[in-house]
Q: 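One structure is given below, represented as structure tokens, and several questions about it will come after.
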Amino acid sequence: MLKNKKGNFGLALLLGLIFALVPVSVAQAAAITFTGYTAETAYVTPISIGDLTTVGGKASITVDNLPVGAIVKVYDQSSGGKLLGSSTVKTGTSATVSLSGLNSNVYVSVTLESVRSEISVGPSTLIDANVVAKNNAGISDTVTVTGVAVGDIVKVYDSATEGQVLGTATVAKAKDVAVVSIKQLGTTAGSLYVSLKTLGKTESIRSKIDYDKELVTDELPAGSSIAVNNAGVSDTVTVTGVSVGDVVKVYDASTEGQVLGTATVAKDKDVAVVSIKQLGPEAGSIYVSLKKVGENEATTRLKTDYIAEPQTYELADHNIVIKNNAGVADTVTVTDLTSGDIIKVYNTPAKTILLGKATVAKGKTEAIASIKQLGIASGNVSVTVTSPGERESETFEKGYLKEDQTEPLEVDQIDVINNSGTADKVTVTGLEVGDIVIVYDASGTKLLGKATVAKDKTEAVVSISQLGTAIGTVKVSVTSIGKRESLLVEESYVAEVQSSSPNLSDISIANNLTANDKVTVAGLAGGDIVKVYKTSTGGILWGKATVASGVTQAEVAIRQLGSGAGEVWVTVTSPGTLESSRIKQTYLAE
């Protein structure tokens with residue numbers, strides 16, 4: 001029910017539209033007195049509308065005898081139409097409406113506000129037992145209120161009256177709880193003040209709610225932390241019996257100090273593993289603390305001891321094989337190892353220079369370190385092994401022999417052919433694949449040529465441009481893979497061979513009158529070259545011809561020998577030999 005200020009129950013009197021759309025002429029608007037409406041008891045004076053006045057190009061209408069709160073509106077039509085202006089009586093008894101752009105009659109209405117009636121509503125009720133304040137550490141604090149309804153508003157203040165709002169929350173759809181989040185209440189215990197505003201009611205009186213100081217996580221129990229001191233890889237500290245979100249920190253001191261590492265317990269886990277770059281090779285202690293979600297870090301750290309980094313066992317003599325090669329890289333092979341082991345070879349036990357290293361491959365038990373050259377002579381190296389997670393072993397000094405020298409050749413393995421007109425050849429037999437044959441001059445200083453024994457072969461043929469026409473000697477060596485060059489072996493060779501001159505009976509000459517003259521030499525072999533000269537020495541070469549394969553003679557065509565009788569000089573040069581001496585043959589006149 002509504003209740004008016006006079007105490008009578010019922011609807012307050014609404015005057016509504018007192019004067020509906022009374023027309024006023026633009027040209028001449030006379031004063032009008034309104035009657036015929038029922039006024040409130042407190043207001044019975046008739047309303048009057050003044051003349052339409054124009055000042056500075058703007059028109060206005062004043063309505064008098066109105067109560068405070070009355071609203072005057074001016075339209076351009078008797079119903080509907082455009083609102084040209086309005087004014088509300090705020091003080092006094094009149095309202096003036098300013099108008100613009102008038103070109104016809106206007107229509108005025110007055111609306112009076114009814115007497116206000118009071119509606120009483122009750123305050124909201126907050127039950128203290130439904131409020132829980134949680135003073136967290138490291139995360140926002142919370143005030144949780146249960147037993148509330150959708151749309152209810154919870155506010156948290158810092159004092160019983162006035163003060164600041166610390167936080168607010170509205171109960172969401174399908175919920176019966178409100179949680180107010182507060183950045184931080186502080187580390188110590190204290191009080192806050194909570195109110196509830198239910199729909200249709202005023203905000204409740206604030207309830208004082210106490211909260212405890214922030215919690216501190218308990219010290220880790222003995223035995224819950226294990227430190228592993230690795231070598232070459234990160235060290236680890238493993239903490240068991242923890243919960244999701246817990247934070248573990250590892251320090252180098254029981255108080256203050258430096259944080260060596262930290263880890264947060266992952267979802268579905270009950271263990272935290274902190275990785276630390278290196279604790280150091282020697283034994284020592286670290287200090288571990290725990291911080292649970294919503295609590296402060298434990299004030300007492302759990303001391304955890306760790307042992308020195310383990311050292312890989314020293315190698316034994318029988319595990320190491322050294323090969324001091326010549327011409328190719330030297331090797332140090334270490335056996336009886338495990339995948340991931342690393343061997344290192346140094347020049348001395350002091351490990352002054354690292355000569356080479358190698359890692360044992362997966363599924364293997366040995367590693368081979370390649371070294372460019374240890375040197376020709378014998379010597380010593382120092383070898384270590386390092387297993388994963390362990391320190392390098394002590395060095396083991398191992399000796400090696402001088403480089404092997406290839407055995408020298410036997411003379412009967414060498415064959416020298418001193419050709420004429422083509423490359424000379426030195427052939428060495430009884431060799432192995434990869435052997436290198438080198439041929440030097442008689443002094444053993446000038447390199448004449450070399451060759452390598454090919455796959456599936458047992459000999460090497462060295463081609464030499466020319467040894468010379470006379471007899472002589474060469475020196476030959478052989479170098480096997482991984483060995484030094486052998487001593488030089490001397491081998492002689494004969495002078496270049498001279499071809500035999502042709503028989504006179506095998507030479508025929510045709511001195512033609514009308515065709516080219518011809519010199520034919522028979523009794524030859526394929527590849528033989530016949531030359532015909534004009535004189536016994538020097539002189540003009542009339543012509544030459546080569547015996548074709550499968551043929552035993554050659555025919556030299558000469559443009560003209562002359563009309564009279566005469567003589568020519570003929571030579572033969574067989575492949576790989578010197579040209580024969582010239583032999584004279586005569587011919588008849590044409």
Side-chain angles (χ1 to χ4, degrees), residues 318-335 337 343 345 355-361 363-379 381 383 398-419 422-467 472-494 575-576:
H318 68 272
N319 294 133
I320 306 169
V321 176
I322 303 175
K323 195 168 183 181
N324 188 13
N325 298 313
V328 294
D330 301 327
T331 58
V332 176
T333 302
V334 182
T335 58
L337 300 177
I343 65 166
V345 182
L355 301 176
K357 67 178 181 177
T359 303
V360 180
K364 300 293 183 181
T365 59
E366 70 174 26
I368 302 174
S370 178
I371 301 168
K372 191 172 182 180
Q373 275 298 304
L374 291 170
I376 296 173
S378 61
V381 293
V383 188
K398 176 81 172 183
Y400 57 86
L401 302 173
K402 66 179 182 179
E403 291 180 349
D404 287 338
Q405 186 174 25
T406 309
E407 291 294 327
L409 294 166
E410 298 290 340
V411 173
D412 60 5
Q413 290 179 267
I414 308 169
D415 181 37
V416 183
I417 299 176
N418 188 12
N419 294 314
T422 60
D424 300 328
K425 290 182 173 57
V426 177
T427 302
V428 181
T429 59
L431 301 177
E432 294 182 356
V433 175
D435 285 352
I436 301 172
V437 172
I438 302 177
V439 180
Y440 299 89
D441 66 358
S443 68
T445 57
K446 182 180 179 181
L447 175 66
L448 300 178
K450 64 179 179 178
T452 303
V453 179
K455 184 179 179 182
D456 300 327
K457 299 293 182 181
T458 59
E459 69 175 24
V461 180
V462 179
S463 180
I464 302 169
S465 181
Q466 274 298 304
L467 290 171
T473 60
V474 291
K475 290 183 177 178
V476 186
S477 73
V478 63
T479 305
S480 296
I481 295 174
K483 295 183 179 181
R484 289 184 292 126
E485 185 179 9
S486 72
L487 296 176
L488 300 180
V489 175
E490 187 176 74
E491 176 69 345
S492 61
Y493 55 88
V494 299

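Every value quoted in this text rests on a predicted model; they were computed, and no experiment measured them. Note that the numbering runs from 1 along the sequence shown for the chain.
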Q: With a 6.0 Å cut-off (strictly less than), is the heavy-atom count around CD of Q373, excluding the residue itself, greater than 12?
A: yes

Q: Have a look at V437 and tell me which of V462, V426, T452 forms a side-chain contact (heavy atoms from CB on, under 4.5 Å) with it.
A: V462

Q: Side-chain contact test, heavy atoms from C-beta onward, threshold under 4.5 Å: evaluate it for Y440 versus L448 and give yes or no.
A: no

Q: For a side chain to side chain contact (heavy atoms under 4.5 Å, CB included) check, start with the C-alpha distance between I417 and Y493, then their side-chain angles and the critical distance, and finish with the verdict.
A: CA-CA 7 Å; I417 299 176; Y493 55 88; over 6 Å; no

Q: Please name the residue in the list V489, D435, I414, L488 that meets the side-chain contact (heavy atoms from CB on, under 4.5 Å) test with V478.
A: D435

Q: What's the separation between atom CG in N319 and atom NZ in K398, rounded to the nearest 0.5 Å?
A: 9.0 Å

Q: Go through the structure and list residues passing side chain to side chain donor-acceptor pair (under 3.5 Å) with S443, not counting sequence neighbours.
A: D441, T445

Q: Looking at every heavy atom in both K475 and A442, which two are closest together, and how far apart are they?
A: CE-O, 3.1 Å

Q: Please lay out, stage by stage, how T331 and I371 fare under the test side chain to side chain contact (heavy atoms under 4.5 Å, CB included).
A: CA-CA 6 Å; T331 58; I371 301 168; over 6 Å; no

Q: So K457 and V433, do their side chains get closer than 4.5 Å, heavy atoms only?
A: no

Q: Just how far is it from atom CG of L374 to atom CD1 of I322, taken to the nearest 0.5 Å?
A: 7.0 Å

Q: Heavy-atom count around E490 CD within 6.0 Å, excluding the residue itself: above 12?
A: yes

Q: After noting the C-alpha distance and the side-chain angles of L487 and Q405, does the key distance pass the side chain to side chain contact (heavy atoms under 4.5 Å, CB included) rule?
A: CA-CA 8 Å; L487 296 176; Q405 186 174 25; 3.9 Å; yes

Q: Is any side-chain heavy atom of I320 less than 4.5 Å from a side-chain heavy atom of T333?
A: no

Q: Kindly compute the distance separating OG (S463) from NZ (K450), expressed to the nearest 0.5 Å.
A: 15.0 Å

Q: From the options V439, V461, V416, select the one residue that forms a side-chain contact (heavy atoms from CB on, under 4.5 Å) with K425.
A: V461

Q: Return yes if some donor-acceptor pair links the side-chain N/O of D424 with the main-chain N/O of L467 below 3.5 Å, else return no.
A: yes

Q: Does N324 use its side chain to pair, donor to acceptor, with the backbone of L401 at less than 3.5 Å?
A: yes

Q: So which heavy atom on Q413 is nearest to which on G430, and how close?
A: NE2-O, 3.6 Å

Q: Please confirm whether the backbone N or O of E403 pairs with a side-chain atom of N325, one donor and one acceptor, at under 3.5 Å?
A: no

Q: Could you check whether any side-chain heavy atom of V476 comes within less than 4.5 Å of a side-chain heavy atom of I438, counting everything from C-beta outward?
A: no

Q: What's the spacing between L355 CG and D330 CG if we round to 0.5 Å?
A: 10.0 Å

Q: So L337 and T365, do their side chains get closer than 4.5 Å, heavy atoms only?
A: no

Q: Answer with yes or no whether the side chains of T335 and E366 bring together a donor and an acceptor at under 3.5 Å.
A: no

Q: So, T427 and D415: side-chain donor and acceptor under 3.5 Å apart, yes or no?
A: no

Q: Measuring from atom CD of E432 to atom OG of S480, what distance do you get when rounded to the nearest 0.5 angstrom?
A: 6.0 Å

Q: How long is the span from the CG atom in D456 to the OG1 atom in T458, to the nearest 0.5 Å?
A: 10.0 Å

Q: Is the count of non-hydrogen atoms from other residues, nucleotides or ligands lying under 6.0 Å from Q466 atom CD greater than 12?
A: yes

